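Working notes for the structure below.
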Amino acid sequence: MDSPSAGYTFEYLIETLNGNSQKKFFNVPKLGGTKYDILPYSIRVLLEAAVRNCDGFLMKKEDVMNILDWKTKQSNVEVPFFPARVVLQDFTGIPAMVDFAAMREAVKTLGGDPKKVHPACPTDLTVDHSLQIDFSKCAIQNAPNPGGGDLQKAGKLSPLKVQPKKLPCRGQTTCRGSCDSGELSRNSGTFSSQIENTPVLCPFHLQPVPEPETVLKNQEVEFGRNRERLQFFKWSSGAFKNVAVIPPGTGMAHQVNLEYLSRVVFEETDLLFPDSVVGTDSHITMVNGLGILGWGVGGIETEAVMLGLPVTLTLPEVVGCELTGSSNAFVTSIDIVLGITKHLRQVGVAGKFVEFFGSGVSQLSIVDRTTIANMCPEYGAILSFFPVDNVTLRHLEHTGFDKTKLESMEKYLKAVKLFRNDETSSEPEYSQVIQINLNSIVASVSGPKRPQDRVAVTDMKSDFQACLNEKVGFKGFQVAAEKQSDTVSVHYDGSEYKLSHGSVVIAAVISCTNNCNPSVMLAAGLLAKKAVEIGLRVKPYIRTSLSPGSGMVTHYLSSSGVLPYLSKLGFDIVGYGCSTCVGNTAPLSEAVLNAVKQGDLVTCGVLSGNKHFEGRLCDCVRANYLASPPLVVAYAIAGTVNIDFQTEPLGTDSTGKEIYLHDIWPSREEVHQMEEEHVILSMFKTLKEKVEMGNKRWNSLEAPDSLLFPWDVKSTYIRCPSFFDKLTKEPAAFQPIENAHVLLYLGDSVTTDHISPAGSIARSSAAAKYLTNRGLTPREFNSYGARRGNDAVMTRGTFANIKLFNKFIGKPAPKTIHFPSGQTLDVFEAAELYQKEGIPLIILAGKKYGSGNSRDWAAKGPYLLGVKAVLAESYEKLHKDHLIGIGIAPLEFLPGENADSLGLSGREVFSLSFPEELFPGITLNIKTSTGKEFSVIASFANDVEITLYKHGGLLNFVARKFL
């Protein structure tokens, strides 16, 4: 893997920054002249990385020239890209690190030096996806789900204690008022008595408040449940160079990446260059709002980057999105996000970069930009880029960025023409330009089954009623007209309530999109404050929760005085990390579950994330809507989505007066004033201290200290995977696929959630049987996401989603037919039989196979089930890359053809062979047992993908580099 010095070819471009000999940079504009000036800003970042890393080996001069000639070469050539760093989150990070540990074993077995196996690129691993909501305000008496860690060692759980109404101010001499009076200051709203079960807040200074007991309880259970995984992470941080682990309880991967890890401009051994990042979280794209080029890739590609190899991508088209006008007063960032999402999805930007420009950009804050950038996976773009401008610099200064570094950053970015200025900058040339007038965007939600199905809030009631009438599909539920008005009584906590179609049973203010945007979180708090003061409440059976992305959010909600009001409505902080959005919500009460089943009701979940695929929150909650945080609170108060906020009241006040949403909706001025007062430097300092100091549980956690990881054969969390079992020093020739059966016959829009679920493990599943046979109880199963370090669990969890629709079965179920015996079995059990019989497998699918989150186990799982190829009408690009990266052939029907048009039933036996030499887009011939023959396209985009497939996947390819 040794190669000449990076940047050698273009070292003549190295200059000092304004005569400062200690700061150097590659003056890339000198390379291209006018060609450089018309490049989109995002392409300029690609070009700088290519120039800096050009060594004639992994990055060739031809690659540099292709990027410089972007205008004529876009979409026609493949180019390598070396990101500056990598970010992992634990759900997808643990299999990456397990693969590294297993690769060390394999390299040693074949005579190589395992010490060479470590990341060559700075890698930050954030443990943020293991949080489950075991405790919340309405479920605080529930026994926790301790899962599969050694909970006894984690310490005994303390019983819940009601917070005292008086709490000393801990001796801060700067406090100018009485902090033990039990009353909130008028600065945060008059409220005569301290709200029960919330800490007293000192209104006179910005000091961190005691964390709610629900947070501490959930963190305590999290450490117990995930002890094995956490010990492995801690071993990884010591065993591998360039690996830093951000411990649990700190924040979410994309939030920590944005607030703490982002540099905007790197300074490494006196060389300045743009920050850039790839990672195993689809939300990595959030950093493009800061002018940092970054996107999500799979664990397989990330491992390659960590080993010093580039990401290879087709030189993308760049769609210029011109923003004009300004948003309406009642529109939140989420409405802007969903409006832009829908527009870009309609235009079609899949596989492209999007870059924003125009007068409207300067009107968007950094948090607005990062929220918009965060949603780009939902409209299919690789990334959505906002170049650095004065708004960016002001934000960085506000958050405590070193002033000297800011000055160097501004000088450098202007020197290499990466700084955007409305007054002086001429806009680059784009592949296509689209215009969006911000004035045209109205308040909206998204659902009830897919994030791209946007519904104006003013149309919500009529749209939901239409969904009840429509046939079962992407939106419809097909409820008979005579049953649409049915209600079911629920006895809960000594009172009787009525549930009906549209009743809200889950309301979650969560982090995925909104934690970086104080305006919408504060708007939710202000709305809650006004609601509580006027006498409105949330029905107690609704599962409410508040899961901030970091302590910063808790801090400004606390210091602004709105947290007690959220708590009063049931929105208690449950912890820091992904929870409801990845299916980790606590179960609904038995009374609610029974009522839903009795009435066959279409109940609803409302959440402020950006993922809500069907069945993801809870299998009994059939309609799920994405909404801004204030709307989540509003719908929770209303108790139903079947409401017209313009004409129907949320409830009544103490005098019986009807209260409408517009009566308690905070004005933009109120929100901005609170944001300015409470989103301050100290919050970012607090996060930095939390990251660098860790916490007591993490710091005291014991972990192995060895070159090779000491695998525990009894472990149900960490297991050495079998990917390298058949590794040889040299790859074999392309192997034919002969007499393959179809494991599954699937339709359109099969998501990675369908293929490899991340939520809870069903008691009747194959994974549950495996865990039960190893002595675990259902309470100890934990989630699939938490067990991604165990290939045995993940293989059994492949295609285990209850909403999987296999045409062989004819209804949603994780089942298939084993054709040799005719049995209907769990997918894993059928695949296991096929493997024992030596029968290879393929999958038939429709359009957009593998859409949704980046999830490498959605490729690894099928591979370990024995799947040799997938034959689909089209693929989500990232998932197709994963299939190739693990050694599964991605085949496509010819344009206009599919299984139906070819008369395929899926019960045939399929055979195909590969020529000695493959090339991108080659057509192959498939023969079936019925005598039918047809052609398909081998969907390899370039020679690199063909090489990886020949090696049996990226892992084998990389491992051979160390031999």
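If you read the sequence from its start, that first residue is 1, and numbering goes on from there. Since the structure is predicted, the reported quantities are computational estimates derived from the model, not experimental observations.
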Please work out whether the ring planes of Phe356 and Phe386 are parallel, tilted or perpendicular, with thresholds of 30° and 60°.
parallel
Side-chain heavy atoms of Leu557 within contact of Leu546, under 4.5 Å
yes
Classify the side-chain pair Asp572/Ser567 by whether it contains a donor and acceptor separated by less than 3.5 Å.
yes
Under a 3.5 Å threshold, yes or no: a donor from one side chain and an acceptor from the other, between Tyr379 and Ser384?
yes
Check whether the side chains of Ser446 and Arg454 place a donor and an acceptor atom closer than 3.5 Å, and report yes or no.
no
Between the main-chain N or O of Ala373 and the side-chain N or O of Thr285, is there a donor-acceptor pair closer than 3.5 Å?
yes
side-chain contact (heavy atoms from CB on, under 4.5 Å) for Leu536 and Ile664? Distances and angles first, verdict last.
CA-CA 10 Å; Leu536 299 178; Ile664 61 172; 4.2 Å; yes
Euclidean distance, Ser519 OG relative to Glu670 CD, rounded to 0.5 Å:
13.5 Å
Does Phe477 form a side-chain contact (heavy atoms from CB on, under 4.5 Å) with Glu470? I'd like the steps, not just the answer.
CA-CA 6 Å; Phe477 298 102; Glu470 285 184 24; over 6 Å; no
Atom of Cys604, atom of Val641 and distance for their closest heavy-atom approach
SG-CG2, 3.5 Å
Between Glu876 and Lys848, is there a salt bridge with N-O shorter than 4.0 Å?
yes
Is a side-chain donor or acceptor of Ser560 paired with a backbone partner of Tyr556 at a separation under 3.5 angstrom?
yes
Pairing donors with acceptors under 3.5 angstrom, does anything connect the side chains of Ser462 and Gln465?
no
Which value, rounded to the nearest 0.5 Å, describes the distance between Ser547 atom OG and Ile573 atom CD1?
9.0 Å
Indicate yes or no: at least one non-hydrogen side-chain atom of Thr458 is less than 4.5 angstrom from one of Gln646.
yes
Does Val532 reach the side chain of Arg537, with side-chain heavy atoms less than 4.5 Å apart?
yes
Trace of the ring pair (Phe, Tyr, Trp, His ring centres under 6.0 Å) decision for Tyr497 with Tyr492
CA-CA 7 Å; Tyr497 303 91; Tyr492 189 91; 7.1 Å; no
Here the pair of heavy atoms bringing Met521 nearest to Pro629 is SD-CG, 4.0 Å
Heavy-atom nearest pair, Leu650 first then Ala638, reads CD2-CB, 3.9 Å
Minimum heavy-atom distance between Val606 and Val504, given as atom pair plus value
CG2-CG2, 4.1 Å
So, are Lys530 and Asp663 salt-bridged, with charged N and O less than 4.0 Å apart?
no
Would you say that Asn624 contacts Val621 through its side chain, given a criterion of any heavy-atom pair below 4.5 Å between the two side chains?
yes
With rounding to the nearest 0.5 angstrom, report the OG1 to CE distance, Thr370 to Met286.
5.5 Å
To the nearest 0.5 Å, tell me how far Leu88 CG sits from Ile246 CD1.
11.0 Å
Have His754 and Thr751 got a donor and an acceptor in their side chains that come within less than 3.5 Å?
yes
Test your reading of the model: is there a side-chain donor-acceptor pair from Asp753 to the backbone of Asn801, 3.5 Å cut-off?
no
Which distance, rounded to the nearest 0.5 Å, do you find between the OG1 of Thr640 and the CE of Met460?
8.5 Å
Apply side-chain contact (heavy atoms from CB on, under 4.5 Å) to residues Ser608 and Val632 and explain how you reach the verdict.
CA-CA 7 Å; Ser608 62; Val632 172; 4.0 Å; yes
Any heavy-atom pair between the side chains of Ile506 and Leu588 that's under 4.5 Å?
yes
Close side-chain approach of Asn642 and His501, heavy atoms under 4.5 Å
no
Does a side-chain N-to-carboxylate-O contact under 4.0 Å join Lys568 and Glu533?
no
Determine whether the aromatic ring centres of residues Tyr660 and Phe645 are separated by less than 6.0 angstrom.
no
Looking at Tyr625, is Lys449 sitting on its ring face, NZ or CZ under 6.0 Å from the six-membered ring centre and within 45 degrees of the normal?
no
Using side-chain heavy atoms (C-beta onward) and a distance below 4.5 Å, is Val277 in contact with Trp295?
no
Heavy-atom pair of closest approach, residues Gly570 and Thr544:
O-OG1, 2.7 Å
Where do Asp453 and Lys342 land on the salt bridge (Lys or Arg N to Asp or Glu O under 4.0 Å) test, with the steps shown first?
CA-CA 8 Å; Asp453 295 325; Lys342 184 174 183 179; over 6 Å; no
Does any part of the side chain of Val602, heavy atoms only, come nearer than 4.5 Å to the side chain of Val596, both counted from C-beta?
no
For a side-chain contact (heavy atoms from CB on, under 4.5 Å) check, start with the C-alpha distance between Val391 and Arg369, then their side-chain angles and the critical distance, and finish with the verdict.
CA-CA 10 Å; Val391 175; Arg369 299 178 189 188; 3.4 Å; yes
Leu626 and Pro451 have their tightest heavy-atom pair at CD1-CB, 3.9 Å
Spatial distance of atom CZ (Phe464) from atom CD1 (Ile643) [nearest 0.5 Å]
13.0 Å
